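So the structure is just underneath, and the comments pick up after that.
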Number of protein chains: 2
Amino acid sequence: MQEFVRRSRAEGLRVTPQRLAVVRVLAESHDHPDPDTLHRRLLPQLPSISLATVYKTLDALAAMGLVRQVPVAGAAKRYDANLDRHHHVICERCRSVADVHDARLDRVAVPEGLLGFTVRSVTVQMLGTCARCARKARKRSRAVVRNGNGR
Amino acid sequence: MQEFVRRSRAEGLRVTPQRLAVVRVLAESHDHPDPDTLHRRLLPQLPSISLATVYKTLDALAAMGLVRQVPVAGAAKRYDANLDRHHHVICERCRSVADVHDARLDRVAVPEGLLGFTVRSVTVQMLGTCARCARKARKRSRAVVRNGNGR
DNA sequence: GTAACTGCAAAAACTTTGCTGAGTT
DNA sequence: AACTCAGCAAAGTTTTTGCAGTTAC
């Protein structure tokens, strides 16, 4: 946050109410939102902010390294303001993403022989099913037992 | 490949020349192409195949679990036909993705306490700069020394 | 023969761009 | 005062959908 102001000044970028709001709301969001989701969250407090501004701001923040794109299969633009080293669990059903902090995962060793590739960061990604989707799936299969597979 | 035919039969899906070609070309591609790239590679051998068919086929293959979406930040749809357990190095500059096979990475342990999340697979993702982009960057910085930062 | 599939074109979704007036520095 | 930025609308991309004819089963 102060970091954001500092870096902006350093790079000749301006600190506007819109950018401050994007930074704040993204920092408070722990679900790695996409630009549209973030925009919806911003509207209540800044009803005139446009989606284009959200896109541009996220680009600027990413260029400054204050925000990171999260690699989620099938979703191009999801952002994370948490720059601590961390890992992700991703639900394959609902595409939700949660952070995992784990010292053992942080110690994963980079293999040898990557043919000139320079590794800057290592993250572990766990794919599976979140509790909520598992619950839904169970409910559905019970329904099938009771009523027959209803298609 | 035979696997594809078997699974298709099992699920009542049809084996068409288009699908066979998609499966074959994707299996031969080691760069995790997006649908459009794949489509361009298919055209020489199947000039009438449409991009929509490529999209639909990739969906079907992913649903059967014969193909996987690769999580690359900033790129929504990239596919991998390699189902062996493996990991990825991703160049942040050119977005190229290469597979890494490494037994030590395969043994990464899933942490405790994921609150009901069921992990199905674990992959390690290394971000950095590939050899080619590093070479380009070096050349550019030499040029800057000689000519001044040319903007 | 029947149902699923292809290709096409149109629609929807997502992202970027150009411009003008406004606001930060 | 200078120059960047916000908002808007338009353009560009990417992905999905509906449909008529075709083809695998």
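All chains are named by letter (A, B, ...) in the order of the sequence lines, taking the proteins before the strands, and each is independently numbered beginning at 1. In this text, all values refer to a predicted model and were calculated from it rather than measured experimentally.
- Straight-line distance from the NE2 atom of A:His39 to the P atom of C:dT16: 15 Å, rounded to whole Å.
- Distances shown here put a side-chain N or O of B:Tyr55 below 4.0 Å from the OP1 or OP2 atom of D:dT15.
- Across the protein-nucleic acid pair, B:Leu61 atom CG and C:dA4 atom P stand 18 Å apart, rounded to whole Å.
- Contact check, B:Gln18 against C:dG7: a side-chain N or O comes under 4.0 Å of OP1 or OP2.
- Here D:dC8 presents its P atom at 11 Å from CG of A:Leu43, a figure rounded to the nearest Å.
- In terms of phosphate contacts, A:Arg9 brings a side-chain nitrogen or oxygen within less than 4.0 Å of OP1 or OP2 of C:dT25.
- Between D:dT15, C:dA9, D:dC5, one nucleotide has an atom nearer to the side chain of A:Leu13 than all others, and that is D:dC5.
- Residue whose closest nucleotide on DNA chain D sits further toward the 5' end, between B:Pro17 and B:Leu51: B:Leu51.
- At the phosphate of C:dG7, OP1 or OP2 sits under 4.0 Å from a side-chain N or O atom of B:Thr53.
- Heavy-atom contacts from other residues, nucleotides or ligands closer than 6.0 Å to CZ of B:Arg132 number 12 or fewer.
- As a whole-Å value, the separation of A:Arg40 CZ from C:dA13 P is 12 Å.
- Atom CZ of B:Arg14 and atom C1' of D:dA24 are 5 Å apart (whole Å).
- A:Met64 has its CE atom 15 Å from the P atom of D:dT4, to the nearest Å.
- If you check distances only, the side chain of B:Arg19 never reaches the base of C:dC5 with a donor-acceptor pair under 3.5 Å.
- Taking atom CD of B:Gln69 as the reference point, atom C1' of D:dT14 lies 14 Å away to the nearest angstrom.
- Listed nucleotides: D:dT4, C:dT2, D:dT15. Nearest to the side chain of B:Pro35: D:dT15.
- For the OP1/OP2 pair of C:dT24 and a distance below 4.0 Å, the side-chain nitrogens and oxygens of A:Thr16 include no atom meeting the criterion.
- No donor-acceptor pair closer than 3.5 Å links the side chain of B:Arg78 to the backbone N or O of B:Pro35.
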Steps toward side-chain contact (heavy atoms from CB on, under 4.5 Å) verdict (B:His86, B:His88) = CA-CA 7 Å; B:His86 67 276; B:His88 293 124; 3.2 Å; yes
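- For D:dG7, one of the phosphate oxygens OP1 or OP2 lies less than 4.0 angstrom from a side-chain nitrogen or oxygen of A:Ser48.
- A straight line from NZ of A:Lys56 to P of D:dA9 spans 13 Å, rounded to a whole angstrom.
- Counted by atom type alone, B:Arg14 and B:Ser8 present zero donor-acceptor pairs between their side chains at under 3.5 Å.
- Judged by distance alone, the side chains of A:His32 and A:Asn82 never bring a donor and an acceptor atom under 3.5 Å apart.
- When each of B:Asp59 and B:Val15 is assigned the nucleotide of DNA chain D with its nearest heavy atom, B:Asp59 is the one assigned upstream, toward the 5' end.
- Remark: A:Lys77 is in phosphate contact with C:dT16, judged by side-chain N or O atoms under 4.0 Å from OP1 or OP2.
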